[in-house]
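Notes follow once the structure below has been shown.
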Amino acid sequence: MNWVKSFWKFSRPHTIIGTSLSVLALYFISLATTGTMINPVNLKQMMAVWFACLCGNVYIVGLNQLYDIKIDRVNKPELPLASGEFTLGQGKLIVGVTGCLSLIVAALSGTWLFATVAISLVIGTAYSTPPIRLKQFPFWAAFCILTVRGVIVNIGLFLHYGDKLNGREVLNPYVWTLTLFILLFTVAIAIFKDVPDLEGDKQYNINTFTLVIGKPAVFNLSRGVITVCYCGMIAAGLFWLTALNVSFFVASHLILLGLLWWRSRDVDLEQKSAIADFYQFIWKLFFAEYLLFPIACLITVVDNYQL
């Protein structure tokens, strides 16, 4: 049980939850927008996607920890490699096995899934591994995160599901809207993620946006980007995705926008714990979108069926 707990921490749970929700959300959006019912065949295909993406997730976050042990001893001492719960050899074994499994399962499942996983792993490797180590540069670090989570995962998985569900690899307005939202939202995550890690990044010369422009500027910029995301979704519900259940779609995003500003009022930027809590709250908003969007699509299907 201790090993399982350490592995769970090693996998960075908030990223595992985000990956899982993206896989499930795109599956249900594909079902809803193609008029396909859940059946054992496409359910099995979704499980293969889920497994491949989870393994790829563990590879990427694990590789980052392998090269950040000294930094994590300052910023995140609870992580298994930094705390000594895992040895360096164990960490390398986990990263190697999960990386291979993700590529093998993806290759056996379909071309689009393999391309999605392979490109994500290449970018994740470039993010952490010397001599490239793109995480050293604020722009390229943010670019890696938003490219994988914002574009590659959404577009790649939707094309994979489209191919497997009805043999049509088509990107519709629903997935374009979700992709644009996630892309911009990931920008906020990418620039805010280093605010709690200021001390270690400064000590080991990791040049982040926080070090360049300061914590208050990064905080306000992240909040502003997320605000734009929600305003964009409200506008999309009113003027573009009118086939959706507009009242649910608009009201839910108004509520989340209100929660963002309410929660951001009293964040003490001088307390690392307060910053970390707000960062986790941003991830919860990210999770919520992957729940709300497919729910809106499924409500529309039910409404149309009743008519």
Side-chain angles (χ1 to χ4, degrees), residues 1-20 53-102 120-121 123-138 140-142 144-145 148-149 186 189-212 215 218 268-284 286:
M1 288 302 298
N2 289 334
W3 189 92
V4 172
K5 290 179 181 178
S6 297
F7 180 76
W8 180 239
K9 288 190 291 183
F10 184 79
S11 68
R12 308 295 282 145
H14 62 283
T15 66
I16 290 293
I17 295 170
T19 296
S20 299
C53 290
L54 288 182
C55 286
N57 192 120
V58 175
Y59 168 86
I60 291 172
V61 299
L63 188 68
N64 185 58
Q65 291 172 69
L66 288 176
Y67 288 98
D68 275 6
I69 294 177
K70 292 182 179 179
I71 300 174
D72 286 340
R73 284 174 182 158
V74 178
N75 291 336
K76 304 179 183 77
E78 74 281 358
L79 293 178
L81 288 175
S83 66
E85 294 174 43
F86 280 169
T87 65
L88 184 61
Q90 288 175 312
K92 289 180 178 179
L93 180 62
I94 293 171
V95 168
V97 170
T98 53
C100 290
L101 283 175
S102 65
S120 299
L121 264 57
I123 294 175
T125 301
Y127 177 84
S128 299
T129 308
I132 301 175
R133 198 161 163 77
L134 294 176
K135 69 174 295 179
Q136 299 176 96
F137 313 104
W140 289 111
C144 289
I145 297 170
V148 173
R149 286 209 175 268
T186 307
I189 291 175
I191 60 179
F192 194 86
K193 68 179 288 292
D194 297 312
V195 176
D197 300 335
L198 177 65
E199 183 179 346
D201 291 340
K202 186 175 182 180
Q203 183 176 336
Y204 288 94
N205 299 315
I206 302 297
N207 199 22
T208 64
F209 281 114
T210 307
L211 286 173
V212 174
K215 289 188 287 187
V218 169
D268 186 352
L269 296 179
E270 299 306 317
Q271 290 190 2
K272 185 176 179 179
S273 59
I275 299 170
D277 287 344
F278 187 71
Y279 178 61
Q280 292 300 320
F281 174 74
I282 291 175
W283 269 98
K284 290 173 183 175
F286 180 82

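Each residue takes its place number in the sequence, starting with 1.
Among pairs with a residue in residues 85-95, those fulfilling salt bridge (Lys or Arg N to Asp or Glu O under 4.0 Å) read Lys9-Glu85, at least two apart in sequence or across chains. Residue pairs meeting the salt bridge (Lys or Arg N to Asp or Glu O under 4.0 Å) criterion with at least one partner in residues 55-65, sequence neighbours excluded, do not occur; the list is empty. Note on residues 54-66: no pairs pass salt bridge (Lys or Arg N to Asp or Glu O under 4.0 Å), not counting sequence neighbours.
Pro77 and Ser83 make their closest contact through O-CB, 3.3 Å (heavy atoms, listed as atom of the first residue, atom of the second, distance). Residues Ile60 and Ser120 share a closest heavy-atom pair of CD1-O, 3.6 Å. Among all heavy-atom pairs drawn from Thr129 and Leu63, the shortest one is OG1-CD2, 3.4 Å. Contact record, Gly56 with Leu121: CA-CD1, 3.8 Å, taken as the closest heavy-atom pair. Across all their heavy atoms, Asn57 and Ser11 have their closest contact at ND2-O, 3.8 Å. Val95 and Thr98 make their closest contact through O-OG1, 3.2 Å (heavy atoms, listed as atom of the first residue, atom of the second, distance).
Rounded to the nearest 0.5 angstrom, Gln90 CD and Leu81 CG are separated by 8.5 Å. Note that the NE2 atom of His14 and the CD1 atom of Ile189 stand 8.5 Å from one another [nearest 0.5 Å]. Note: Leu134 CG to Cys144 SG = 4.5 Å, rounded to the nearest 0.5 Å. In this structure, CG in Leu66 is found 9.0 Å from CD1 in Ile94, a value given to the nearest 0.5 Å. In this structure, the separation between CG on Leu93 and OG1 on Thr87 is 9.0 Å, given to the nearest 0.5 Å.
Residue Asp268 places its CG atom among more than 12 non-hydrogen atoms of other residues, nucleotides or ligands, all under 6.0 Å distant.
Side chains of Leu101 and Tyr59 form no contact here, defined as non-hydrogen atoms less than 4.5 Å apart. Two residues are said to be in side-chain contact when any heavy atoms from C-beta on lie closer than 4.5 Å; Ile16 and Ser20 meet this criterion.
Shown are Arg73, Arg12, Arg133; of these, the salt bridge (charged side-chain N to carboxylate O under 4.0 Å, His left out) with Asp68 is made only by Arg133. Here the options are Trp283, Tyr279, Phe278, the test is side chain to side chain contact (heavy atoms under 4.5 Å, CB included), and the partner is Phe281; only Phe278 passes. For the pairing with Arg149, the side chain to side chain donor-acceptor pair (under 3.5 Å) check across Thr19, Thr15, Thr186 returns one residue only, Thr19.
Checked against a 6.0 Å centroid threshold, the rings of Phe86 and Phe7 do not count as neighbours.
Put simply, the side chain of Gln280 never gets that close to the backbone of Ala276: no donor and acceptor are under 3.5 Å apart. Judged by distance alone, with hydrogens and angles left aside, the side-chain atoms of Gln65 form a donor-acceptor pair with the main-chain N or O of Phe10 at under 3.5 Å. With hydrogens and angles disregarded, no donor-acceptor distance shorter than 3.5 Å links the side chain of Ser128 to the backbone of Thr125.
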